[in-house]
Amino acid sequence: AVQLVESGGDSVQAGGSLRLSCHGSGFRVSYAMAWFRQAPGKEREAVAAFIYPPRGNIYYVDSVKGRFTISHDQNENTLILQMTNLKSEDTAMYYCAAGFRDRGVSWSEESLYGHWGQGTRVTVLS
């Protein structure tokens, strides 16, 4: 069975950094993997996505461009989100998601992803 397990969430001061990891099991190749987040009282939003070759692309929501970096460790089948210069508005539960085929929707659409992790909490203290 496909499983996604996130780790790395923590409480950090504004301006600090965190590295989130999402280990995938039960599969070796996917179409796309992404990080979403849900802040208290808000809807879940897409943060960053890694679209695998042959299409190959990386996407970020505007609010994290220049601060967050998404990458994939193929050997470990682990999706990584390196977050720097964290702001209070980054406080949220962060979820990893995987999709296995092109569904003809944007990278930021939840419907692209059929598998989700349980989440890891990030709290940024101002």
Side-chain angles (χ1 to χ4, degrees):
V2 173
Q3 279 194 316
L4 301 171
V5 179
E6 303 97 332
S7 62
D10 204 345
S11 295
V12 63
Q13 292 290 329
S17 299
L18 280 175
R19 184 176 186 267
L20 305 184
S21 296
C22 169
H23 179 67
S25 60
F27 67 99
R28 288 300 301 170
V29 178
S30 61
Y31 171 74
M33 291 188 73
W35 288 97
F36 284 71
R37 67 185 179 187
Q38 187 166 22
K42 295 188 177 181
E43 292 190 355
R44 189 157 59 184
E45 67 166 346
V47 176
F50 193 102
I51 310 297
Y52 293 88
R55 182 175 172 182
N57 216 335
I58 290 176
Y59 299 94
Y60 298 97
V61 68
D62 285 347
S63 60
V64 308
K65 285 180 180 177
R67 300 189 299 122
F68 291 10
T69 303
I70 190 172
S71 60
H72 183 245
D73 183 331
Q74 190 170 359
N75 290 333
E76 297 295 326
N77 202 17
T78 297
L79 186 72
I80 296 164
L81 186 68
Q82 181 68 49
M83 306 187 294
T84 64
N85 191 21
L86 283 160
K87 304 177 181 181
S88 57
E89 51 263 42
D90 295 318
T91 294
M93 185 72 83
Y94 283 71
Y95 298 91
C96 175
F100 294 110
R101 63 184 180 92
D102 185 354
R103 297 177 183 269
V105 298
S106 168
W107 69 274
S108 59
E109 291 290 330
E110 292 192 23
S111 60
L112 179 59
Y113 308 94
H115 300 275
W116 296 80
Q118 293 299 307
T120 186
R121 187 173 300 279
V122 172
T123 302
V124 183
L125 307 171
S126 57

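We use all heavy atoms of the structure for the numbers below, so side chains are in, but hydrogens, waters and symmetry mates are not. For the single chain, residues carry numbers from 1 onward in sequence order.
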Chemist: Search all heavy atoms of S126 against all heavy atoms of S88 and return the closest pair with its distance.
Modeler: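 Heavy atoms only, the tightest pair is CB-CB, 4.3 Å.
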Chemist: SG/C22 to OH/Y94 distance, rounded to the nearest 0.5 angstrom?
Modeler: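 One gets 14.5 Å once the value is rounded to the nearest 0.5 Å.
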Chemist: Once you round to the nearest 0.5 Å, how far does CG of L4 lie from SG of C96?
Modeler: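 These two atoms lie 4.5 Å from each other.
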Chemist: Testing I80, I58, L81 for side-chain contact (heavy atoms from CB on, under 4.5 Å) with F50, which one passes?
Modeler: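 The passing option is I58.
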Chemist: Quickly, which of K87, M83, Q82 forms a side-chain contact (heavy atoms from CB on, under 4.5 Å) with R67? Name it, please.
Modeler: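 In the set K87, M83, Q82, the residue that makes a side-chain contact (heavy atoms from CB on, under 4.5 Å) with R67 is K87.
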Chemist: Give a yes or no on whether the ring-centroid distance for Y52 and H72 is below 6.0 angstrom.
Modeler: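 Y52 vs H72: aromatic centres under 6.0 Å.
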Chemist: N57 side chain to I51 main-chain N or O, any donor-acceptor pair under 3.5 Å?
Modeler: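 No; judged by distance alone, with no hydrogens or angles, the pair does not exist.
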Chemist: Taking all non-hydrogen atoms of both residues into account, name the closest pair between A49 and W107 and its distance.
Modeler: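 Scanning both residues completely, I find the closest heavy atoms to be CB-CE3, 3.4 Å.
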Chemist: Answer yes if the side chains of Y31 and R103 hold a donor-acceptor pair under 3.5 Å, and no otherwise.
Modeler: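 No, because no side-chain N or O of Y31 sits under 3.5 Å from a partner of the opposite role on R103.
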Chemist: Tell me whether the rings of Y95 and W116 are parallel (<30°), tilted (30 to 60°) or perpendicular (>60°).
Modeler: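 Ring orientation, 0 to 90° scale: perpendicular.
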Chemist: I need the minimum non-hydrogen distance between E6 and G119, along with the two atoms involved.
Modeler: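 Here E6 and G119 meet closest at OE1-N, 2.9 Å.
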Chemist: With side-chain contact (heavy atoms from CB on, under 4.5 Å) as the test, pick out the partner of L18 among T123, T120, V122, T84.
Modeler: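 That would be V122; it is the only one of T123, T120, V122, T84 passing the side-chain contact (heavy atoms from CB on, under 4.5 Å) with L18.
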Chemist: How would you list all residue pairs meeting salt bridge (Lys or Arg N to Asp or Glu O under 4.0 Å) that involve residues 105-126, not counting sequence neighbours?
Modeler: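 Salt bridge (Lys or Arg N to Asp or Glu O under 4.0 Å) check on residues 105-126 returns R44-E110.
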Chemist: With sequence neighbours excluded, tell me which residues meet side-chain hydrogen bond (donor to acceptor under 3.5 Å, both in side chains) with S106.
Modeler: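 Here the qualifying residues are S108.
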